[in-house]
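Shown next, in structure tokens, is the structure this report addresses.
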There are 2 protein chains.
Amino acid sequence: MPTRRADSARPATTHDVARRAGVSQATVSLVLGGNPRARVSAQTRERVVRAAGELGYRPNLVARGLVQRKSYAIGVMVPDLSNPFFLDVVTGVQRVAAEAGYAVLPGDVREVSPQRHLEALRARQVDGVILDGFGALALHEGALSGMKVVLVDEPSERWPGVASDAVGAGRLAAEHLLGLGHTRLAFAGPASDVHGLRMRERGFVQALRQAGVALPSERLRRVPPTVSGGLAAMKSLLGLPPAQRPTACFCAVDLVAAGALKACLTAGVAVPGAMSIVGCDDVELARVLTPELTTVRVPARELGARAARLLIRQLDDEGGSAPRAGRPLPVKLVVRGTTGPV
Amino acid sequence: MPTRRADSARPATTHDVARRAGVSQATVSLVLGGNPRARVSAQTRERVVRAAGELGYRPNLVARGLVQRKSYAIGVMVPDLSNPFFLDVVTGVQRVAAEAGYAVLPGDVREVSPQRHLEALRARQVDGVILDGFGALALHEGALSGMKVVLVDEPSERWPGVASDAVGAGRLAAEHLLGLGHTRLAFAGPASDVHGLRMRERGFVQALRQAGVALPSERLRRVPPTVSGGLAAMKSLLGLPPAQRPTACFCAVDLVAAGALKACLTAGVAVPGAMSIVGCDDVELARVLTPELTTVRVPARELGARAARLLIRQLDDEGGSAPRAGRPLPVKLVVRGTTGPV
DNA sequence: TTGTAAGCGTTATCAC
DNA sequence: GTGATAACGCTTACAA
């Protein structure tokens with residue numbers, strides 16, 4: 001008995017459907033494959049469709065993937081999923097991907113090394129990967145060879161990407177603070193080589209310089225992009241002699257701002273009375289804090305969604321040329337409760 | 001030319017390795033398959049391994065999956081990934097899964113309906129799914145048919161699962177508050193049919209009853225398990241006439257507690273001076289708030305890790321019998337800054 | 001010990 | 001229009 005038995009414990013295959021409909025397996029594939037140029041008589045089509053329905057047929061994407069050399073799956077890598085910003089990026093990717101029939105395999109760099117994850121993704125034949133904010137350019141040469149890649153917030157000659165207006169974000173924060181009359185300003189942000197973060201800092205510094213306001217190094221705090229990083233940064237800032245102590249601080253990441261705010265509140269420093277704080281990202285947390293965080297909104301979901309569209313367009317266009325990135329996504333200042341006049 | 005050409009643009013296959021090593025493709029599979037009972041001479045093995053290395057051979061998991069009827073991928077579904085608690089559960093799953101060579105396909109019920117996601121997972125031939133906290137039992141019968149399932153925080157005769165001590169969590173909160181002398185207590189939590197959440201409430205109520213303390217319905221607030229839910233709940237609680245107004249509130253979810261805290265702070269109600277708040281979960285956010293949130297720690301990652309182990313054990317044991325769930329994971333009261341004496 | 005061959009469930013190219 | 005038939009890259013008896 002070489003043919004497979006109709007084992008109802010096993011999912012129905014095109015063969016099962018074919019047998020039931022009294023047609024060949026190939027015909028079933030034609031009908032069910034949704035191939036537009038499939039010329040099948042309405043009659044057999046109907047027979048096939050009914051048989052498929054009766055058997056509860058579901059196409060096996062693994063088998064399809066093997067022959068098409070396409071898995072309809074993409075990978076996403078971010079530096080830290082517990083940062084809601086990156087979660088939002090991934091959510092944006094998911095949404096678009098699901099729409100287009102792609103599955104998403106997310107990876108968190110803290111959990112598994114980029115190399116390892118990339119290898120795993122490759123083994124699973126993912127059709128492409130989206131890399132966000134962890135210095136993808138610094139990866140070992142071969143790690144990305146032969147993969148379709150889209151970068152988020154990291155410009156590159158080699159791969160297409162999407163970005164937010166990071167320089168503009170820093171600039172907006174600076175202008176807001178300057179507009180409120182602050183002149184002793186501080187900056188707290190990661191010392192990372194992540195491009196987007198560096199640009200936020202640059203925008204801030206540039207705007208200050210243009211306004212003729214100095215940012216001496218003692219008011220510069222390089223800390224990890226986390227709450228405790230912000231906590232530490234602000235603590236040390238508050239320890240400065242009164243003449244040097246800033247009256248306002250821009251934190252390149254909302255989590256850092258949250259930490260900074262906490263440091264002020266526990267030290268009894270009034271916010272925004274004695275210290276103004278501006279974050280960047282506008283994660284949900286910003287509205288949970290009291291007072292609510294003034295911050296620069298960066299459209300994380302939209303960033304992810306665009307990245308996914310960029311990648312999937314490439315994929316569906318049969319290896320078509322890599323589309324170039326569009327304009328950076330605009331950012332927007334959101335004034336809430338942590339900033340006020342000097 | 002029926003055989004494939006050595007197109008170096010395409011990843012090397014076992015055939016390529018075989019040709020290069022001068023052995024049959026099957027031998028390559030034997031050597032590289034890591035099959036323990038593969039009896040291959042050290043010499044050919046070495047030849048194969050070297051050839052594979054030279055060609056940069058990487059096994060194609062899709063092909064393997066097809067013949068083994070196993071994808072080495074599992075799905076996870078949670079009600080809300082933006083709740084850090086569930087993210088932690090997924091992280092726990094990821095960790096264990098990665099270790100065992102499984103990929104994880106996470107799904108957020110808010111983004112895509114359970115039915116749809118389950119269908120997608122099925123089409124991708126996932127080996128099993130982990131379902132957390134969204135009334136999986138209420139799913140349409142067929143949706144899970146033939147799937148290996150592990151439930152989190154939702155007991156079932158039909159599927160194995162892991163759980164935290166939800167009743168104990170509510171109880172701990174109650175005892176803590178009672179011990180501080182509070183007698184006018186309130187409860188705020190979701191009206192969901194999620195088992196774990198209901199049990200937290202039950203534990204709380206039971207402990208109060210045993211202490212002879214009443215929980216009148218006007219101090220019961222059924223709100224969505226979100227920050228704004230907590231905000232609304234506390235606002236309305238604060239609107240109660242002084243004689244009925246609670247002096248302490250247990251929130252079944254940390255996010256709700258965060259909202260409740262915010263409501264107090266913006267209303268000028270001192271915490272814990274005039275209102276004590278206890279949350280449940282101990283998400284990272286709890287330590288970001290000021291004052292830090294007193295809460296009951298529920299081991300989310302461990303929950304996810306155990307669920308993954310339970311599932312993968314089943315999977316690797318060749319369809320072995322479903323192992324039963326172990327004891328509920330213990331929870332622990334973490335006293336921080338939002339609770340104090342009356 | 002190693003090679004041959006039969007699938008796994010699809011898609012896709014042809015003849016008929 | 002429809003049906004053989006050959007892949008896709010791999011695992012796994014079974015034969016040599």
Side-chain angles (χ1 to χ4, degrees), chain A residues 1-7 10-19 21-48 52 55-72 122-125 127 318, chain B residues 1-7 10-19 21-48 51-52 55 57-72 122-125 127 318:
Chain A
M1 239 194 302
T3 43
R4 59 188 309 260
R5 63 227 161 87
D7 187 352
R10 277 227 283 259
T13 71
T14 45
H15 287 98
D16 301 328
V17 177
R19 205 169 325 123
V23 302
S24 83
Q25 181 273 335
T27 303
V28 173
S29 180
L30 274 187
V31 173
L32 267 23
N35 196 325
R37 54 192 201 76
R39 316 169 77 44
V40 183
S41 78
Q43 195 194 351
T44 48
R45 151 165 285 129
E46 207 254 332
R47 281 229 306 284
V48 168
L55 292 172
Y57 169 77
R58 298 274 173 264
N60 179 334
L61 292 192
V62 171
R64 171 183 301 179
L66 185 59
V67 39
Q68 293 194 157
R69 283 202 181 75
K70 199 157 183 314
S71 61
Y72 286 95
R122 196 192 286 278
R124 283 177 194 284
Q125 314 296 112
D127 300 328
E318 278 308 327
Chain B
M1 238 194 302
T3 43
R4 58 188 310 259
R5 62 226 161 87
D7 186 352
R10 276 226 286 256
T13 70
T14 44
H15 287 99
D16 302 327
V17 176
R19 204 168 327 120
V23 301
S24 83
Q25 179 272 335
T27 304
V28 173
S29 179
L30 276 187
V31 173
L32 267 24
N35 196 326
R37 53 193 201 78
R39 316 170 77 45
V40 184
S41 77
Q43 195 193 351
T44 50
R45 150 165 285 129
E46 207 254 332
R47 281 228 307 283
V48 169
L55 292 172
Y57 169 78
R58 299 273 174 264
N60 179 332
L61 292 191
V62 172
R64 171 183 301 180
L66 186 59
V67 35
Q68 293 193 157
R69 286 202 180 74
K70 199 156 182 316
S71 62
Y72 287 94
R122 199 193 284 279
R124 282 176 195 283
Q125 314 296 115
D127 300 329
E318 278 305 328

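Excluded from the calculations below are hydrogen atoms, water molecules and symmetry mates; all remaining heavy atoms, backbone and side chain alike, are included. Letters A, B, ... are given to chains in the order of the sequence lines, protein chains preceding strands, and every chain is numbered from 1.
- In this structure, B/Y57 and B/L32 have side chains that are in contact, with non-hydrogen atoms separated by less than 4.5 Å.
- For A/Y72, no side-chain nitrogen or oxygen approaches OP1 or OP2 of C/dT10 to under 4.0 Å.
- The CG-P distance, from B/L30 to C/dA5, rounds to 16 Å in whole Å.
- Between B/Q68 atom CD and C/dG7 atom C1' the separation is 13 Å, expressed in whole Å.
- Remark: P of C/dC8 and CG of A/D16 are 11 Å apart, rounded to the nearest angstrom.
- With B/R58 contributing its side chain and A/A123 its backbone, the two residues share no donor-acceptor pair below 3.5 Å.
- Between C/dG7 and B/R69, no contact under 4.0 Å exists linking OP1 or OP2 to a side-chain N or O.
- Nearest-nucleotide positions on DNA chain C place B/T27 closer to the 5' end than the other of B/T27 and B/A63.
- Nucleic acid contact class of B/R45 (heavy atoms, under 4.0 Å, all strands): none.
- Among all heavy-atom pairs drawn from B/N60 and B/V62, the shortest one is OD1-N, 2.8 Å.
- Look at NE2 on B/H15: it is 12 Å from C1' on C/dG3, rounded to the nearest Å.
- By the 4.5 Å heavy-atom criterion applied to side chains, B/V17 and B/T14 are not counted as neighbours.
- Residue A/R64 contributes atom CZ, which lies 13 Å from atom C1' of C/dA12 at whole-angstrom precision.
- Put simply, B/S29 has no side-chain N or O that comes within less than 4.0 Å of OP1 or OP2 on D/dG9.
- Between B/R124 atom CZ and C/dT10 atom P there is a gap of 14 Å when expressed in whole angstrom units.
- Per the geometry, CG belonging to B/N60 stands 18 Å off P belonging to C/dC8, to the nearest Å.
- Rounded to whole angstrom, the span from the CD atom of A/Q25 across to the C1' atom of C/dT10 amounts to 7 Å.
- Between the side chain of A/R124 and the main chain of B/S71, a donor-acceptor pair closer than 3.5 Å is present.
- Considering only side-chain N and O atoms, B/S24 lies under 4.0 angstrom from the phosphate OP1 or OP2 of C/dG3.
- Across all strands, B/S41 comes closer than 4.0 Å only to sugar-phosphate atoms, never to a base (heavy-atom distances).
- In the set C/dT2, C/dT10, C/dA5, C/dA5 carries the atom at the smallest distance from any side-chain atom of B/A26.
- At the phosphate of C/dT2, OP1 or OP2 sits under 4.0 Å from a side-chain N or O atom of B/T44.
- Among the heavy atoms of the strands lying under 4.0 Å from B/V23 are primed sugar atoms or P, OP1, OP2 only; no base atom is included.
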